[in-house]
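To keep things clear, I will list the structure first and then write my remarks on it.
Below, read A as the first sequence line, B as the second, and so on, with proteins coming before strands; counting in each chain starts at 1.
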2 protein chains.
Amino acid sequence: MEDLKQYLKERAKEVDAALDAYLPAARTRPGTIHKAMRYSLFAGGKRLRPILTLAAAEACQGDIEEAMPSACAVELMHTYSLVHDDLPCMDDDDLRRGRPTCHKVFGDNIAVLAGDALLTEAFIVLAQSSPTRRYPMAAFVAELAITGGSTKLIGGQVLDLEGEGKDLTKAQLIRIHEAKTAALLTSSIRLGAMSANATPARLEALTIFGYNLGLAFQVIDDILDVTQTTEKLGKTAGKDEAVAKATYPAVLGLEKARKEAHRYTDKAMAALKPFGRKALHLRQIAEYLLERDY
Amino acid sequence: MEDLKQYLKERAKEVDAALDAYLPAARTRPGTIHKAMRYSLFAGGKRLRPILTLAAAEACQGDIEEAMPSACAVELMHTYSLVHDDLPCMDDDDLRRGRPTCHKVFGDNIAVLAGDALLTEAFIVLAQSSPTRRYPMAAFVAELAITGGSTKLIGGQVLDLEGEGKDLTKAQLIRIHEAKTAALLTSSIRLGAMSANATPARLEALTIFGYNLGLAFQVIDDILDVTQTTEKLGKTAGKDEAVAKATYPAVLGLEKARKEAHRYTDKAMAALKPFGRKALHLRQIAEYLLERDY
């Protein structure tokens with residue numbers, strides 16, 4: 001795992017450098033919006049999604065540089081969704097990645113606009129991708145936009161808000177997790193594969209990997225919310241229970257939730273078989289995510 | 001002008017039908033978000049921007065159907081910006097297009113998400129454009145995303161918020177109008193021209209037309225805010241003065257503001273010369289916008 005930590009660190013550094021180069025400088029006018037965008041984007045995120053994009057490109061023997069616009073675009077989309085989810089009228093969170101949330105520092109109005117701008121920037125950056133023989137530019141844009149849209153990422157947040165204080169079934173919970181978490185993780189991986197001109201069969205295998213990894217990731221996130229401190233998480237712990245959010249631990253109990261995380265991770269791993277050694281980093285990342293709760 | 005009214009009515013109907021077909025049905029789950037998106041999108045807007053897209057395609061001898069994804073995308077982008085601008089933490093408006101604003105009906109949280117979803121939908125729809133020989137898909141996406149981004153549309157809203165209660169110079173005012181209004185009007189027209197594979201010279205001429213039309217449009221909007229009733233406008237009248245917003249009438253006085261609107265319209269008209277009769281509708285729309293204040 002030491003090797004993986006080194007890999008994650010290096011890749012995160014590359015992603016940060018690329019994001020910094022894509023984004024307008026903090027001094028670009030109007031300064032407020034660019035400072036707010038950069039405040040939330042460079043808050044010390046682990047860059048999991050863009051690293052998955054790059055690792056998926058690697059698994060398909062593609063070029064890391066070719067995958068970088070996609071990698072940065074998914075991180076921009078992810079960050080915008082955090083900024084808006086944290087707003088007082090949504091999850092009302094004061095802490096994110098260990099720092100005060102965007103609206104705490106810049107005010108609600110600028111936080112709404114900074115989220116809007118990060119979302120829009122995702123498409124400015126994505127438009128700088130190089131289409132491949134199998135995947136034209138339209139496929140890249142549709143991939144990210146459909147995943148970010150009203151039936152997936154945004155729809156998941158709606159279901160999440162509407163589910164607070166209600167007893168949800170496991171099936172309903174899975175639907176929220178699919179939309180809110182698994183969809184963007186899956187697209188992060190698919191975009192990497194597409195930038196490497198992956199065969200349809202390989203794209204499909206990585207889609208199954210991403211879907212199961214995404215569900216495992218959300219189950220583990222729910223577990224950590226119960227078992228970890230605010231300090232360790234960098235965001236408010238125990239939040240889910242406070243707003244009576246339906247979560248895996250709440251619906252199934254901690255032990256069964258842990259088993260589910262393992263089951264999803266196993267399924268994810270199985271999908272990587274055809275890639276052999278090329279998928280080493282994807283495999284290591286899946287293991288690493290699973291071990292977060294120990 | 002009777003002919004123009006008929007033209008505007010027919011084109012608006014075509015745009016509405018296309019938007020209806022592109023958007024997820026109101027019953028698509030989660031229902032709340034799709035109802036909120038449709039509530040704001042089908043609130044009786046005049047569809048000025050998408051009609052300009054179609055008229056620009058016409059002026060370049062292009063096909064209306066080819067321009068429709070771009071036309072719908074700019075209307076989606078425009079509507080999202082209205083939904084977010086009306087939020088309590090922004091301009092705090094209760095009335096839009098003669099009806100209660102989105103957050104008044106669906107709550108602040110769903111209004112934020114509906115705006116996000118309309119913005120994202122713009123790119124889902126835009127990705128369905130047919131690129132042309134001169135303009136690849138990346139050019140379409142970059143056009144809309146850069147215009148919607150932190151240095152134009154969103155940046156303009158930031159400058160507008162920051163300008164409230166301040167004495168602005170005419171130059172500062174123009175910068176806000178360029179970013180907030182002229183940029184999206186210009187892109188609406190450019191996307192129509194691009195979908196018609198316009199020559200660089202024609203695209204440039206239409207850019208000058210759009211820029212000047214956009215500035216004229218905002219000056220007239222500012223004048224109407226002073227001279228018209230809330231009922232007539234379908235949005236709160238006298239709002240600019242209430243929040244001490246810098247506007248053309250406030251900075252220059254009504255008479256000089258009217259002259260500026262004429263001056264910008266003249267410049268816009270001059271840019272249409274090379275198009276001859278093909279630009280009939282663009283010309284008529286520019287005249288019609290100018291005459292709104294009589």
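- With a 4.5 angstrom heavy-atom cutoff, A/L87 touches chain B only via side-chain atoms.
- For A/L126, no part lies under 4.5 angstrom from a heavy atom of chain B.
- More than 12 heavy-atom neighbours from other residues, nucleotides or ligands sit within 6.0 angstrom of NZ on B/K180.
- Most heavy-atom pairs under 4.5 Å with chain A: of the set B/L159, B/L119, B/L118, B/D85, this distinction falls to B/L119.
- Here CG of A/L113 is found 8.0 Å from SG of B/C89. Values are rounded to the nearest 0.5 Å.
- Between the CD1 atom in B/I146 and the CD1 atom in A/I124 there is a gap of 5.5 Å [rounded to 0.5 Å].
- Residue A/E143: no heavy atom, backbone or side chain, is found under 4.5 Å from chain B.
- Once rounded to the nearest 0.5 Å, the distance linking CD1 of A/I110 with CD of B/E162 reads 6.0 Å.
- Under the 30°/60° scheme for interplanar angles, the aromatic rings of B/F123 and A/F123 are found to lie parallel.
- Of all the listed residues (B/Q157, B/M77, B/M137), the one sharing the greatest number of non-hydrogen pairs under 4.5 Å with chain A is B/M137.
- Heavy atoms closer than 4.5 Å to chain B are found in the side chain of A/Y80, but not in its backbone.
- Of all the listed residues (A/Q128, A/H84, A/H103, A/E121), the one sharing the greatest number of non-hydrogen pairs under 4.5 Å with chain B is A/H84.
- A/L153 has its side chain out of reach of B/D116: every pair of non-hydrogen atoms, C-beta onward, lies at least 4.5 Å apart.
- Interface check for chain A: of the options B/A127, B/A117, B/S150, the most heavy-atom pairs under 4.5 Å are formed by B/S150.
- In terms of non-hydrogen atom pairs under 4.5 Å with chain B, the most contact-rich of A/A138, A/S129, A/A179 is A/A138.
- Per-residue heavy-atom pair counts under 4.5 Å with chain A were compared for B/D108, B/L161, B/V158, B/L144, and the maximum is reached by B/V158.
- By a heavy-atom distance cut of under 4.5 Å, B/P24, B/T28, B/R29, B/P30, B/T32, B/I33, B/H34, B/M37 are the residues of residues 19-40 of chain B near chain A, going up by number.
- Separation of atoms CD1 (B/I154) and OG1 (A/T120) is listed at 4.0 Å; rounding is to 0.5 Å.
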